[in-house]
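Lettering follows sequence order; numbering is per chain, from 1.
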Amino acid sequence: MTIRVRFAPSPTGYLHIGSARTALFNYLYARSVGGKFLLRIEDTDIARSTEESTRSILEGLEWLGFSHDEEIIFQSNNADKHRAAALKLLEEGKAYRDFTPKAQPNDKNIKAAIAQKARANQGEKNMRDNEFRDLSKEESEKRASEGEPFAIRLKVGDSGKTSFEDAVYGLQERDYEEIEDLVLLRSDGHPLYNLAVVCDDIEMEITDVIRGQDHLTNTHKQILIYEALGKQPPRFAHLPLILAPGGKKLSKRIHGEIVSMTTYRDAGFLAAAFRNFLALLGWSAGEEQEIYSLEELTEKFSLSGIHRSNATFNFDANNPKRWTDDKAIWMNAEYIRTLPLEELLPFVAKELKAAKLWREEYEEEDAQWFAKTVDLIRERFYTLKDFSGQGRAFFSEDFDFDEKAIEKNLKKFPDLKVWLPELAEKFETVEDWSHDPIHEVVSGFCEEKDTKFGVVLNGARVVLTGQAVGPSMLAAMEQLGKDKTIMRLKSRIAWNS
RNA sequence: GUCCGGUUCGUCUAGGGGUCUAGGACACCGCCCUUUCACGGCGGCAACACGGGUUCAAAUCCCGUACCGGAUACCA
């Protein structure tokens, strides 16, 4: 039988890092065993689901490169089938009508309220004490036909336990005593999550459910539904959670933008790099390799490499240098400097276009210059944004001067104010504008002024690129060209800013 | 509260009875290279939660404790 897995996000926001990783693991698993990777949008929470979110999630998946098989299923379209399943269970006596009026949850601190209630009920709460559980069929039907609202609850057995073998966590068991008669259908006829998931997974012929560990308790309830429906449950694999530095589950509400995939795309991350980073969060091939292409991941992925312990996604909201996980940033830099140049170029072009720094010539007559420039400057860059930021001076006359660079490399050596234009004069005579001749002129100049090479070149770097850091200055001068080099060396803009 | 799960350097992790004076990566620090910063090379700092067992031998197996997390809804 072919393996069929699904990624089933609920469209209540952008694509979350944790969800992205769940999608990645599903995708890798499917591809590694030649199975199908399906997509299902769980939009049954009408109040919170938005089309905007769906779009954003799809966009995120596309960016990451996870192409799905078959058509996208929208769970809300299947509501009738879910209802029918609940009614069938009711008919068969495996579920019952609960006429208890619906409680109004104060959705402010709903989680806390639930936990508190559970604590308060401690010891006296019997999961089977619903007064309508054993209502006669006639009585139940009578009240229903009189228009009294009811929810449909699953009748969980009095004694016994559910059990399943989790591919990650091993054998999982749960006493029926611990499981309440869960609601399948709300009193307004709206199917609830656990029912909907089971029905859809059956219909989609899902063989393996790979999802977050926070669903572990749901799984027991779902198994009960499978059994009531007379269906074989799929295999399950629960993934460890991704935590924030505080130790809590990474969440949109508390941690904000940092958890959104779009943040990384917009910050100039390469999808391949981020995917690579994500794969290593909670999974390992058991070797010392860090950089994996999608193909390698697919080849090496296995559920047995997934951890049982949660991973911390490290970042410091108060430190701009540490705005997101160090390793993710490093990984992105690593991809930027090691990706085959021709693969990187389109990304850089896109970035320059977005920053209005793109020139048609880069496509034609200056294509080689462009490629060489990118290759030269990429060594120091962390994100694609750096090409339009730190690297701006290579593509435009309109660039900023880094204040610290001016202080450190220019103002500390006032002589440079005269020297740099003088150096420019000497450059005028250079016929063959390339590394060695430039080097000769600079070293002769330094000798003449009895100063260190570094002083002159670092000063030149600031004036030429606005930065304190960058590629080899001689190479940069060559790349910038004779005219621009001379012009900028003579300019006083940096000194005055 | 109850149920479930987890615990190896700051972070991601290797390891699954002897090969562990615990390996790698990021971060940090130092040195080298060098025209600066970086890159690269070399090196350093830094961890088996605790207590009991089992065993000739435990990071690895068992029990307990502590701590952390998740779940507990007519949300998904």
Atom-pair distance (CZ on A:Phe313; C1' on B:U13), nearest Å:
16 Å
Is any side-chain nitrogen or oxygen of A:Thr312 closer than 4.0 Å to OP1 or OP2 of B:C12?
yes
Answer yes or no: is there an ion pair linking A:Glu407 with A:Lys412, defined by an N-O contact shorter than 4.0 Å?
no
Quickly work out the A:Arg461 CZ to B:U34 C1' distance and round it to whole Å.
11 Å
So A:Asn458, base contact, sugar-phosphate only, or nothing? Heavy-atom distance under 4.0 Å.
base
Phosphate OP1/OP2 of B:C28 contacted by A:Lys321 side-chain N/O (<4.0 Å)
yes
Could you tell me how far apart A:Leu216 (CG) and B:C4 (C1') are, to the nearest whole angstrom?
6 Å
Kindly point out which of B:C37, B:A76, B:A14 is positioned nearest to the side chain of A:Val469?
B:C37
Look at A:His307 and B:A14 and indicate whether a side-chain polar atom (N or O) is within less than 4.0 Å of OP1 or OP2.
yes
Touch class at under 4.0 angstrom, heavy-atom based, for A:Asn218 against every strand present:
base
Ring centres of A:His220 and A:Phe164 under 6.0 Å apart?
yes
Would A:Glu180 and A:Lys221 satisfy salt bridge (Lys or Arg N to Asp or Glu O under 4.0 Å), going step by step from the backbone distance to the final call?
CA-CA 9 Å; A:Glu180 86 277 12; A:Lys221 297 177 185 174; 3.5 Å; yes
For B:C75 and A:Arg186 - does any side-chain N or O of the residue sit under 4.0 Å from the phosphate oxygens OP1/OP2?
yes
Looking at A:Glu447, I want to see if its CD is surrounded by more than 12 non-hydrogen atoms of other residues, nucleotides or ligands under 6.0 Å.
no
Closest to the A:Lys408 side chain, choosing from B:U36, B:U35, B:G5
B:U36
So, is A:Ser284 close to the B:A14 phosphate, meaning a side-chain N or O under 4.0 Å from OP1 or OP2?
yes
Hey, does A:Glu290 reach any base, or is it just sugar-phosphate, or nothing, if we go heavy atoms under 4.0 Å?
base
With distance as the sole criterion, do the side chain of A:Ser472 and the base of B:U35 form a donor-acceptor contact below 3.5 Å?
yes
Pair A:Tyr169 and A:His307, ring centroids less than 6.0 Å apart
no
Under 4.0 angstrom, heavy atoms only, what part of the nucleic acid is A:Tyr193 near: base, sugar-phosphate, or nothing?
base
When all nucleic acid strands are considered with a 4.0 Å heavy-atom cut-off, which category describes A:Pro11: base, sugar-phosphate, or nothing?
nothing
Which whole-number value in Å describes the distance from A:Arg40 CZ to B:A76 C1'?
12 Å
Does OP1 or OP2 of B:C75 have a side-chain N or O of A:Arg48 closer than 4.0 Å?
no
For the residue pair A:Gln390 / A:Lys385, report whether a side-chain donor-acceptor contact shorter than 3.5 Å exists.
no
Of the candidates B:U35, B:C37, B:C39, the side chain of A:Glu379 sits closest to B:C39
Between P on B:U36 and NZ on A:Lys452, what's the gap in Å once rounded to a whole number?
9 Å
Quick check on RNA chain B: between A:Gln75 and A:Leu474, whose nearest nucleotide comes earlier from the 5' end?
A:Leu474
So A:Ala468, base contact, sugar-phosphate only, or nothing? Heavy-atom distance under 4.0 Å.
base
Which is true for A:Thr44 with a 4.0 Å heavy-atom rule: it touches a base, it touches only sugar-phosphate, or it touches nothing?
sugar-phosphate
Starting at atom CG of A:Asp45, determine the distance to atom C1' of B:C74, rounded to an integer number of angstrom.
12 Å
Salt-bridge criterion met for A:Asp188 and A:Arg186 (N-O under 4.0 Å):
yes
Look through every strand shown and name the nucleotide pairing with B:A59 as Watson-Crick or G-U wobble, where both distances are under 3.5 Å.
none
Between B:G5, B:U35, B:A71, which one does the side chain of A:Lys249 approach most closely?
B:A71
By nearest atom, which of the nucleotides B:G70, B:U11, B:C75 is closest to the A:Gln213 side chain?
B:G70
Would you say A:His190 reaches B:A76's phosphate, i.e. side-chain N/O to OP1/OP2 under 4.0 Å?
yes
Using whole Å, report how far NZ of A:Lys221 lies from C1' of B:A76.
12 Å
Taken to the nearest whole Å, CG/A:Leu243 to P/B:C67 is 18 Å
What nucleic acid atoms does A:His215 come within less than 4.0 Å of, heavy atoms only: base, sugar-phosphate, or nothing?
base
What's A:Gln172 touching, base or sugar-phosphate or nothing? Going by heavy atoms closer than 4.0 Å.
sugar-phosphate
